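Report on the following structure.
A note on names: the letters A, B, ... follow the listed sequences, proteins ahead of strands, and every chain is numbered from 1. These figures come from a predicted structure and were not determined experimentally.
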Amino acid sequence: MSENNKIITRFAPSPTGFLHIGGARSALFNYIFTKQKEGKIILRIEDTDLERNKEEFTEGIYRAFEWLDLKFDENKKQSDNFPIHRKYLEKLISEGHAYISKTKEEDLLEAKKEGKTLRGEVIRFKNPNKVISFTDLIRGEVSVDTTDLGDFVIAKSLDEPVFHLSNVVDDILMGVTHIIRGEEHLANTPRQILIWEAVGERERATYAHIPLILSETREKLSKRIHGEIVSVEYYKNRGYLKDAFINFLAFLGWNPGGEREIYSLGEIIKEFNIEKVQKGGAVFNIEKLNWFNKEYIKLQSESEQLEYIKEFLPNIEKYSDEMLQKLRPVLVDRISYYAELKDMDEVGELDYYLNTPTYSNPNEIIWKKSNKENTILNLELIENILRKENNESNLDNLWEEIYKLAEEKGKGDILWPLRYALSGKDKSPDPKSLLYILDTKEALLRVENAIESLRNL
RNA sequence: GGCCUUAUCGUCUAGCGGCUAGGACAUAUCCCUCUCACGGAUAAAACCGGGGUUCGAUUCCCCGUAAGGUCACCA
């Protein structure tokens with residue numbers, strides 16, 4: 001593709017909040033589309049609303065993209081272009097496409113009642129009142145009579161353009177060829193096309209409006225009512241893997257056909273076809289994300305898993321490296337995202353790795369089909385084995401002996417009390433894993449304690 | 001309310017005139033098993049309604065219905 005018909009796209013968030021998952025998906029679709037066509041993608045921070053903008057939100061957006069590892073070819077801030085926007089406003093006015101409009105007294109008064117202040121005059125676009133048709137890559141032909149849009153405001157003053165003007169002028173100036181954005185902008189498109197045509201200069205861009213991400217109740221997901229789950233950083237902080245997150249997001253509203261669902265970004269770029277993007281909104285289902293994430297955790301290398309564990313496991317300083325190594329498979333097996341380690345820690349599911357358990361209800365040491373005497377006897381047999389193997393530290397031998405004993409005496413009658421003695425819990429990983437993770441000396445102590453508790457019963 | 005958009009299992013979706021309507025998540029049951037988790041298997045579960053077009057509609061058209069978006073001196 002030659003340089004002058006190269007595809008140019010942009011993602012244009014406003015820094016009035018953290019990056020929304022819907023925004024992330026828009027950006028992702030832009031990114032995928034652009035990479036596939038070997039085009040250029042621009043990140044343009046739309047900071048024209050001076051009152052609501054915050055630098056921290058811009059930072060947050062950058063951080064989110066850094067996490068997702070989506071890199072933009074250009075980084076722009078719309079406010080840098082205010083002088084240019086002014087020139088275009090002047091041009092539109094002199095050509096009769098826009099005019100300065102006095103605000104009506106009654107509107108001024110009404111706004112005051114609501115606590116808002118309106119400018120005495122603003123710049124409005126002179127609506128030619130015609131039917132605008134465009135081809136949306138996802139939706140096909142869309143056609144709207146712009147008459148009922150009226151003469152809409154495009155700037156508060158020559159130096160304060162608002163969204164429609166800045167957005168269109170920048171798209172024209174930056175050579176944007178494809179505008180891929182959320183469906184909430186579909187209704188804005190006709191008036192933006194009106195401005196685009198009034199400015200002239202360039203053939204208009206091709207539009208594609210991607211469906212919204214919906215809540216359980218099928219409405220647009222919003223931070224206000226749906227909370228932090230709409231923020232991309234939430235997923236980063238909860239220990240989701242960016243590849244899983246991207247895979248999930250891309251498959252919300254699109255898929256390559258076929259039955260495979262685990263696709264790397266590179267594979268998605270290869271397979272992507274914007275015309276196959278779903279038209280209807282998609283309900284955001286965190287269960288499915290969790291499944292994707294678990295699949296990606298399984299795909300991680302041991303050292304990657306260890307890194308995440310070190311980041312998310314509470315009281316990490318209390319675990320030795322050796323123990324962490326041993327703990328890794330057990331932990332990874334039980335989570336879909338790494339922050340679940342914190343949840344497990346909070347409910348005490350990790351206690352027994354660090355602390356010798358106490359048996360508040362020793363009856364639970366006894367297997368359901370057994371009795372106290374038998375259990376004490378069996379634990380003593382285990383105790384003997386542990387004592388014998390204590391200095392050899394050969395886990396395989398140790399386990400072999402215990403398992404032989406279990407087969408002899410009945411698995412439940414050996415394995416249950418052993419596991420309970422080691423964990424102090426009715427639910428826990430299997431005793432072999434526990435023995436593997438715990439020091440043999442510690443295991444012996446726990447078995448002795450359990451016997452003691454039973455005797456005192 | 002006006003305008004725009006959408007409509008396949010509970011959810012994400014495959015399907016692009018003829019299929020026992022396929023897969024995944026979630027659910028249930030079973031297997032594995034001392035418990036939990038993992039894993040494996042099986043099951044239940046959908047074409048919004050009504051008219052056309054057609055030999056034949058989930059698929060094409062129209063009308064309803066429902067849902068969503070948007071109607072700012074926000075983006």
Side-chain angles (χ1 to χ4, degrees), chain A residues 12-17 23 46-49 51-53 78 101 103 107 111 116-124 136 138-140 142-150 152-157 160-164 166-167 181-191 209 211-212 214 216-220 248 251-262 276 278-292 294-295 298 329-335 349 364 367-370 406 410-420 423 425-431 433:
Chain A
S14 70
T16 53
E46 305 230 321
D47 54 348
T48 50
D49 185 348
E51 274 130 54
R52 296 200 306 153
N53 289 339
Q78 196 156 52
S101 149
T103 307
D107 291 345
K116 285 186 262 178
T117 36
L118 290 185
R119 305 299 171 97
E121 49 180 49
V122 290
I123 299 165
R124 289 182 185 273
D136 187 292
I138 295 167
R139 277 145 222 286
V142 179
S143 134
V144 184
D145 185 348
T146 60
T147 305
D148 36 282
L149 265 28
F152 49 91
V153 174
I154 54 174
K156 296 182 212 173
S157 73
E160 298 163 286
V162 301
F163 171 61
H164 292 300
S166 302
N167 189 272
R181 57 188 357 179
E183 195 189 333
E184 71 267 28
H185 288 291
L186 191 55
N188 290 326
T189 304
R191 74 185 83 197
H209 288 91
L212 263 14
L214 273 21
E216 302 282 315
T217 51
R218 304 206 132 264
E219 66 215 329
K220 191 169 137 183
F248 167 74
F251 272 58
L252 211 53
W254 174 83
N255 73 80
E259 286 170 6
R260 184 154 75 100
E261 296 198 83
I262 303 298
K276 284 187 71 181
Q278 212 71 21
K279 296 188 185 83
V283 172
F284 175 76
N285 181 213
I286 202 162
E287 304 280 352
K288 186 85 185 218
L289 203 214
N290 288 345
W291 173 79
F292 268 109
K294 193 173 186 76
E295 293 299 310
K298 287 190 221 161
V330 177
L331 256 22
V332 155
D333 201 45
R334 308 171 97 76
I335 56 168
E349 269 181 54
E364 293 196 329
W367 191 45
K368 59 186 174 184
K369 291 179 190 166
S370 189
K411 287 182 192 166
D413 232 340
I414 296 293
L415 268 17
W416 175 277
L418 201 215
R419 192 180 57 74
Y420 201 99
S423 67
K425 306 263 181 207
D426 56 342
K427 295 170 184 173
S428 81
D430 62 278
S433 301

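- For the pair A/W291 and B/C25, the criterion of a side-chain N or O lying under 4.0 Å from OP1 or OP2 is met.
- When distances run from any side-chain atom of A/R334 to the nucleotides B/C36, B/U33, B/C12, the shortest one goes to B/C36.
- Nearer the 5' end of RNA chain B, as judged by each residue's closest nucleotide, is the contact made by A/D148, out of A/D148 and A/L252.
- Side-chain contact between A/P431 and A/W416: absent, with no pair of heavy atoms (C-beta onward) separated by less than 4.5 Å.
- For A/E184, the listed nucleotide lying nearest its side chain is B/G69; candidates were B/C4, B/C38, B/G69.
- Considering only side-chain atoms of A/E261, the nucleotide from B/A24, B/G69, B/U5 that sits closest is B/A24.
- Under the Watson-Crick or G-U wobble criterion, with both distances below 3.5 Å, B/C16 has no partner in any strand shown.
- For A/D430 against B/A37, no side-chain N or O and base N or O form a donor-acceptor pair under 3.5 Å.
- In summary, A/K425 and A/E349 do not engage in a salt bridge, as defined by a charged side-chain N under 4.0 Å from a carboxylate O.
- The same atom, P, is picked in B/A72 and in B/A67; the two are 23 Å apart, to the nearest Å.
- The same atom, C1', is picked in B/C31 and in B/C16; the two are 40 Å apart, to the nearest Å.
- Here the separation of B/C25 from B/G39, taken at their P atoms, is 9 Å to the nearest Å.
- If you check B/C74, B/C38, B/C34 against the side chain of A/P431, the one that comes closest is B/C34.
- In terms of position on RNA chain B, the residue among A/A282 and A/R419 whose nearest nucleotide sits closer to the 5' end is A/A282.
- Between A/N167 and A/R181 the shortest side-chain heavy-atom distance falls below 4.5 Å.
- Distance from the side chain of A/E219 is smallest to B/G68 among B/C12, B/C73, B/G68.
- As a whole-Å value, the separation of A/D426 CG from B/C34 P is 16 Å.
- B/G39 and B/C31 make up a base pair, with Watson-Crick or G-U wobble contacts both under 3.5 Å.
- If you check distances only, the side chain of A/T48 never reaches the base of B/C74 with a donor-acceptor pair under 3.5 Å.
- Side-chain nitrogen and oxygen atoms of A/K156 include at least one within less than 4.0 Å of the OP1 or OP2 phosphate oxygen of B/C74.
- The separation of B/C9 from B/U5, taken at their P atoms, amounts to 23 Å, rounded to a whole angstrom.
- Base contact: A/S428 has a heavy atom under 4.0 Å from a base atom.
- The nearest whole Å value for the distance from the CD atom in A/E183 to the C1' atom in B/A67 is 11 Å.
- Shown here, B/C25 forms a base pair with B/G10; the pair counts as Watson-Crick or G-U wobble because both key distances fall under 3.5 Å.
- The side chain of A/H185 sits closest to B/A75 out of B/C12, B/A75, B/C73.
- At a cut-off of 3.5 angstrom, counting only N and O atoms as typed in the model, there is a donor on one side and an acceptor on the other between the side-chain of A/K288 and the base of B/A24.
- For B/G39, the OP1/OP2 oxygens have a side-chain nitrogen or oxygen of A/K298 closer than 4.0 Å.
- Atoms CG (A/N255) and P (B/A14) sit 5 Å apart, rounded to a whole Å.
- Of all nucleotides listed (B/C73, B/A24, B/G68), B/G68 comes nearest to the side chain of A/L212.
- With B/G15, B/U35, B/A26 as the candidates, the nucleotide lying closest to the side chain of A/E287 is B/A26.
- Rounded to whole Å, the distance from CD on A/Q78 to P on B/A75 is 8 Å.
- Listed nucleotides B/U13, B/C4, B/A24 differ in distance to A/Q278; the shortest reach to its side chain belongs to B/U13.
- For A/A187, counting side-chain heavy atoms from C-beta on, the closest listed nucleotide (B/G23, B/C34, B/G69) is B/G69.
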